[in-house]
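Here's the structure we're looking at; comments come further down.
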Amino acid sequence: MKMLIYFRDLMSDKRFSFGFTVIIILTVLALISVMSPYSPVRWNVVPEEKPPSLKYLMGTTSLGQDLFWIVCFSIKNSLIFALTTAFLSRVLAIVAGMISGFEGGIVDRSIMILSDSLISLPRVPVLILVGAIFREGLNLYILALVMASLSWAWDARVIRSQILSLRERDFTLTAILSGSKSLSVVFKEYFPHILPIVFASTLNNMLWAIGIETTLSILGLTNPLIPTLGTTLHWALSYQALFLGVWWWVFFPVTVLILLFISVYLLSVSISEYLDPRMRIQRIGQAR
Amino acid sequence: MPLLEVRNLTKIFTIGNVFSRKKVIAVDNISFDVEESEIFTIAGESGCGKTTTAKIILGFEEATSGEIVYKGKRIDHIHHRERRELLKEMQAVFQNPFSTFNPLRKVDRYFYETLYNLGIADTKEKADEIIKEKLAAVGISFEEFVEKYPNEFSGGQLQRISIARALLTNPSILIADEPVSMVDASLRMSIVNLFKDLKDKYGVSVVYITHDLTTAYYISDRIAIMFRGSIVEIGPAEKVLMEPRHPYTQLLKESVPEPDPNRKWNTRINLSETEQSEYLRQGCKFSGRCPKAMEICKRESPPYFDVGGVKVKCFLYKD
Amino acid sequence: MMSVEVLRTENLKSYYILDIFGKKKVIKAVEDVSISIKENEIYGIAGESGCGKSTLLKAMFAAVEPPQRIIGGKVIYRDNGKEYDVYHISEEERKKFRWHFISYVPQGSMSVLNPVMKIKEIFKDFIETHTKGKTKEEIYEIAESHIRDLGLPSGILDAYPHQLSGGMRQRITIALATVLSPKVVIADEPTTALDVVTQRGVIQLLKDIQALKRNTIIIVTHDMGVHANMADRIAIMYAGRIIEEASTEEIFENPLHPYTRYLIYSIPKFGDKKKRESAPGAPPSLSNPPSGCSFHPRCPFAFEKCREEVPPLKEYKVGHKVACWRVEEGENATA
Amino acid sequence: MVKYFLTRFLQFLIVVFLSVTLVFIIVRMMPSDPVEKTIAQITSTGTFLDPSDVEKMIKSLREMYGLEGSILSQYFQTWRRLITLNFGPSLSFFPTPVSSIIKESVFWTVGLLGVVILVSWTIGNILGVIAGYYSKKLPTAMKLLDLIFMIIRPIPYYILAFIFLVLFSYLIPAFPSQGAYSVGMMPGFNLSFIIDVLKHATLPALSMILLQTTMWFQSMKIISTGVTNEDFVIYAKYGGISNHKIIFRYVFRNALLPQVTSLSLSLGRIFGGALITEIVFSYPGLGGTLYSAIMSSDYNLIIGIVLFSIVAVSLGTLVLDFIYPLFDPRIRYS
């Protein structure tokens, strides 16, 4: 019931409704990939280099694959990859940020030194190094783990500073006076305040993950047999698709990527604005 | 035996990082007792150490040195479990009722948590019964209280609710840190009176921490005046506030604007511009501004002198 | 009385109109306020938080920004014998009154001075805006002599705000507001959040300025002690309306409105421990004020008429106005 | 002040220490032996090698990779190479030392990145402060700009660079598609060469400037919306101070502080973006060089560029942190 009200409020934001609609469409495409008549790793299952038509919605590739189904698989893999990365790095960020903020002292300082280093570390060369070292051995889950361990630092910092300021608020003391234990203070008192940051940063982390995965894949630094939007473009570019006039092989993945980026970004912007505690407090007062 | 004893309490905060550390003495060797069924006031300006003292008593801050004794037993450095047990005896009310409760949580949650966590009630019925009773004591009805977020109440209502929460455990002592300074003028006295009732009807002791000397005069039995971490004067409120001995207490009392147009100020004052240097000052911390400062005040920190039942930390009363 | 009017409001109404996710909310912060403020007086406005007193000040200062709006009424400035209806002149003309004719001292807050500018640069920006053709040196000279006149250390002009104590910042803000000797100074809770000793210093400064420049100060605070010490006349505000107005002595000696009586009699005094009572209940919400007299739900004397009709602010005694049906009835009974 | 500098410098040392260690660990995790891989690569090209020569080559390669000796001595070896800037010879451009290849390419990257950061940071912040100050009633042109920026903002560097390449180099052949200057052109300080260089730099620079401008614009807009609601800005408005003075002396100067911090924190990301963009346009900076090193499995060069990048970016961050007190009197006078 409450969720419905939130959703209705959010849908009145044009940015949200656009982003949400696009994401739903992309999710549907990802889901129907299970109905694909072809395996994504098999080549020469359809005639080569056919332009988009009713039969082949997005045309076919020089490898003899139906681009529509490849794109569906790619969306699925890219989304799963992004979610995995975002989830792992969020877990790291929340745990690190909360421990750091709540424990203080030497634990806090060590975590902060580590996260400060990670923040100023140029991640792209490091990831390219990882890609160059592992090459085809780099499956999406390992990449997700590596990327997650490189991308938790900023949000851990934000969460930590939130916790530090929440700790100074009197309601922390009230909770302790009410006999609550530390863990329950963190979850009941602080979590609602931290949630919006976590939410928005999850979406931003997904964006970053897809962006990096695409880049590494295009450069041929991941396993090219796993269909993602990046590897699809990798194949297209290595087959000189644009020179040979097979423009659709490039056009559709790029369009889907851009739609994905814009919609996720719009969702993150509108949701973080909506979940901002000050706005939430205003709405609570207004409910009566 | 006093209910609560604070003995030689000192708190030094270290600020800064590895490269430069600064020490600020927030509380400087203070001692006082709170008797059973007594309202004891700690009064002073911001930065005098009164809130730090309260936090140390409640166990939210650790003292640098000194002891806190409750009912003859030391309560600084006690285990978590004992600290939780102690919550049944000692509770607190804070300055800003809107920050006392999490704005994103319903207020009644704190009430049930207090009762369940501390093992005072085990069923919803029992809990509701206790909550109703305590709310009635502060003049709030159960119906207008349940299932509401903090900002659905007015400040005055919420401060009453905060007091009701503190009363759930039937505490013997209540630490109230500036409980009325954020409450509207037209409602302030109703809350002050509430503390008086708690003492008179239920025998609860209150440590009333305030910057407002008139309400302190109105409700307290005894009072300690703090300045830059030290208690400069301590004794029965009637004596301390009607005939202040310490020059700082005199300045403080004189500076209270009285609601009487026939008693406007006719003397002028000088303000200190350098709070930092007052903290670090040798000897009496007030000597830089004191109109009666003597040579000795700048060198030595004065001890307490007994002047007719009032202890004054000032060399003027040496003989 | 020989005193000349310098500013008045006529049936001023100012609301906040909020729009939160498509839901409209109207806060009636100032309702039908008509006050007349004289030259060379300190006029106090008393009331608790949320009674609309700050909104009234902003409307008088003609600094209304959305969501605040002027719904009706007038604000008249009287400068050099001419009257100006400030909401019927252009924004540019309105701005010309600032600092020359009317200026503003905000709440005793820490943050009205730009943290990255030196105090003298801040003074320069404000002075430069309202004077023409002055060199930098001349402007600094104006600032410095003003600071000296007020008995503040002139070295302070070279400091950054973060280097000053809270009390000093508040006094610098007052100096900044009065640097061009405005005829009217509006001070919104200038001593709230300051310690009592500092508060006394700030009040001392405001009184010094008034004595020096012989201008008008309109001071808003909830602290009746501050009013007793400063104001010549006091208006009591409740739920967006002025409910009583009289000279300070009269208000304290002979308060007529039940709310004013609570306000004054509930303040404890040294040497007097008799029981003090607050008004029952809580202040009303301005988005949904009660019918009739807005104090009636809390008033022990309320009767039928109080619930139905808004009492007018009427002068029952020379210089003493009250908006209360009980006073009206009493007046009728004795007449 | 001194305290501030010391803290930052310590931070710099820690970052370099941790990241060099990280790189060392990653390289150690290489699934296949890089020496065998290299040998295999050389033999696969059809070159005939005498078995005894292969033996010699393996030994020298192992030394070069620092694979001789214990893990600890290998680790110290990595540090020695970094401090002496001697990363050994490049394999694909044998026997040119890696350090001289880096020296050549770093010029292009620094030039490109410098211009991009300066232009985008300035434009983004100025537009952002105006949008933030007037956020309550944004002019239509600003609203449109805001919308366009919001759409461009999330696009990754590679994709935007690629779109620019396709649009302005293939479909509309207005700009060259690769390199820093035309093949056959003699580098020198003359007009035609400079024009040629500028032409080649236009697309990479533009695509980066566009992305980064949106980034600075958006964060500046949010920060200055906040600053606009601060008491000192409201008070300046009350004082009748003109809008442009308020925008630049009050809002901008305060909102700039977090943006300077943000620049120093984003340097790593921006640098990464530059690498990627250079790869797309085969620009001979560090990115382009890194790409060809990847393509030819020139591990020495890859490791050299990565280590160098980390130190260079940390150094850049350090310099920015050292400049920061110029903007903030609260640090200058503490």
Side-chain angles (χ1 to χ4, degrees), chain A residues 15 113-114 116-138 146 149-150 154 157 203-204 207-208 210-221 229-230 233 237 242-243 247 250-251 253-254 257-258 260-266 268-269 273, chain D residues 11-12 14-19 22-23 26-27 29-32 34 150-160 162-163 166 170 218 264-265 267-276 279-280 286-287 290-291 293-295 297 299 302-303 305-310 312-314 316-318:
Chain A
R15 294 169 302 180
I113 286 175
L114 189 62
D116 279 350
S117 311
L118 276 178
I119 286 169
S120 47
L121 178 76
R123 291 178 295 192
V124 166
V126 173
L127 284 165
I128 287 181
L129 180 69
V130 170
I133 297 276
F134 289 95
R135 291 278 163 124
E136 287 80 15
L138 197 61
V146 173
S149 54
L150 288 178
W154 180 257
R157 252 209 115 85
L203 292 170
N204 286 326
L207 283 179
W208 177 72
I210 301 175
I212 292 286
E213 189 276 328
T214 309
T215 308
L216 291 182
S217 298
I218 295 175
L219 299 183
L221 295 177
L229 293 164
L233 280 170
L237 295 182
L242 282 178
F243 285 114
W247 55 267
V250 171
F251 176 79
V254 168
L257 266 174
I258 290 176
L260 184 62
F261 281 114
I262 294 172
S263 57
V264 172
Y265 181 66
L266 291 180
S268 108
V269 171
E273 236 169 64
Chain D
Q11 181 73 47
F12 163 74
I14 293 172
V15 172
V16 172
F17 168 74
L18 285 177
S19 30
L22 180 71
V23 169
I26 294 173
V27 174
M29 278 160 63
M30 197 182 289
S32 52
M150 200 170 341
I151 288 168
I152 294 174
R153 167 86 204 263
I155 298 175
Y157 283 98
Y158 195 102
I159 301 295
L160 193 74
F162 181 70
I163 291 172
V166 172
Y170 290 115
Q218 298 256 316
S264 94
L265 288 174
L267 215 55
R269 257 190 315 163
I270 292 172
F271 178 79
L275 287 191
I276 292 171
I279 291 174
V280 176
L286 287 172
L290 182 61
Y291 185 60
I294 295 168
M295 286 301 123
S297 294
Y299 286 98
I302 298 175
I303 295 166
I305 291 178
V306 171
L307 283 178
F308 178 82
S309 311
I310 291 171
V313 169
S314 310
T317 310
L318 183 70

Once rounded to the nearest 0.5 Å, what's the spacing between atom CD1 of D:Ile26 and atom CZ of A:Phe134? 7.5 Å

Give me the one residue out of D:Ile310, D:Val16, D:Val23 that meets side chain to side chain contact (heavy atoms under 4.5 Å, CB included) with A:Leu121. D:Ile310

Residue pair A:Asp116, D:Val15: steps toward the side chain to side chain contact (heavy atoms under 4.5 Å, CB included) verdict: CA-CA 8 Å; A:Asp116 279 350; D:Val15 172; 5.7 Å; no

Heavy atoms only: give me the nearest A:Phe261-D:Pro154 pair and the separation to one decimal. CD2-O, 3.4 Å

Looking at side-chain heavy atoms only, is the closest gap between A:Leu237 and D:Phe162 below 4.5 Å? yes

Is D:Leu18 close to chain A through its backbone or its side chain, or both, or neither, when contacts mean heavy atoms under 4.5 Å? side chain

Report the option among D:Gly316, D:Gly272, D:Gly273, D:Ala293 that has the most heavy-atom pairs separated by less than 4.5 Å from atoms of chain A. D:Gly272

Between D:Phe308 and A:Pro125, is any pair of side-chain heavy atoms under 4.5 Å apart? no

When you look at D:Ile159 and A:Leu233, which way does the side chain to side chain contact (heavy atoms under 4.5 Å, CB included) test go after all the steps? CA-CA 10 Å; D:Ile159 301 295; A:Leu233 280 170; 4.3 Å; yes

The interface call for A:Ile212 against chain D, heavy-atom contacts under 4.5 Å, is neither

Chain A contact via D:Ile294 - side chain, backbone, both or neither, heavy atoms under 4.5 Å: both

Enter the distance from D:Leu160:CG to A:Ile258:CD1 here, rounded to the nearest 0.5 Å. 8.0 Å

Using a 4.5 angstrom heavy-atom cutoff, name the option from D:Ile276, D:Leu290, D:Thr317, D:Ile302 with the most pairs to chain A. D:Ile276

At a heavy-atom separation under 4.5 Å, does D:Leu22 approach chain A through its side chain, its backbone, both, or neither? side chain

Which answer fits D:Tyr291, side chain, backbone, both or neither, if we ask what part of it has an atom under 4.5 Å from a heavy atom of chain A? side chain

Okay, D:Ile163 and chain A: the region with an atom under 4.5 Å from a heavy atom over there is side chain

Could you state the interatomic distance from CG (A:Leu129) to CG (D:Leu307), rounded to the nearest 0.5 Å? 8.5 Å

A:Val264 versus chain D, the contacting section by heavy-atom distance below 4.5 Å: neither

Per-residue contact mode, A:Thr214 against chain D (heavy atom under 4.5 angstrom): side chain

In terms of heavy-atom pairs under 4.5 Å with chain D, which of A:Val130, A:Val254, A:Leu219, A:Leu207 leads? A:Leu219

Report the distance from atom CD1 of D:Ile155 to atom CD1 of A:Ile262, rounding to the nearest 0.5 Å. 5.0 Å

Below 4.5 Å from any heavy atom of chain A, which atoms of D:Phe12 appear? Answer side chain, backbone, both or neither. neither

Does any heavy atom of chain A fall under 4.5 Å from the side chain of D:Ile279, the backbone, both, or neither of them? side chain

With side chain to side chain contact (heavy atoms under 4.5 Å, CB included) as the test, would you mind laying out the steps for D:Tyr299 and A:Ile133 before giving the verdict? CA-CA 8 Å; D:Tyr299 286 98; A:Ile133 297 276; 4.2 Å; yes

Side chain, backbone, both or neither: which part of A:Leu242 has a heavy atom under 4.5 Å from chain D? side chain

Interatomic distance, A:Trp154 atom CH2 to D:Arg269 atom CZ [nearest 0.5 angstrom]: 8.5 Å

Nearest non-hydrogen partners of D:Met150 and A:Leu266, listed with the distance: SD-CD2, 3.4 Å

Is there a side chain to side chain contact (heavy atoms under 4.5 Å, CB included) between D:Tyr157 and A:Val124 once you walk through the steps? CA-CA 11 Å; D:Tyr157 283 98; A:Val124 166; over 6 Å; no

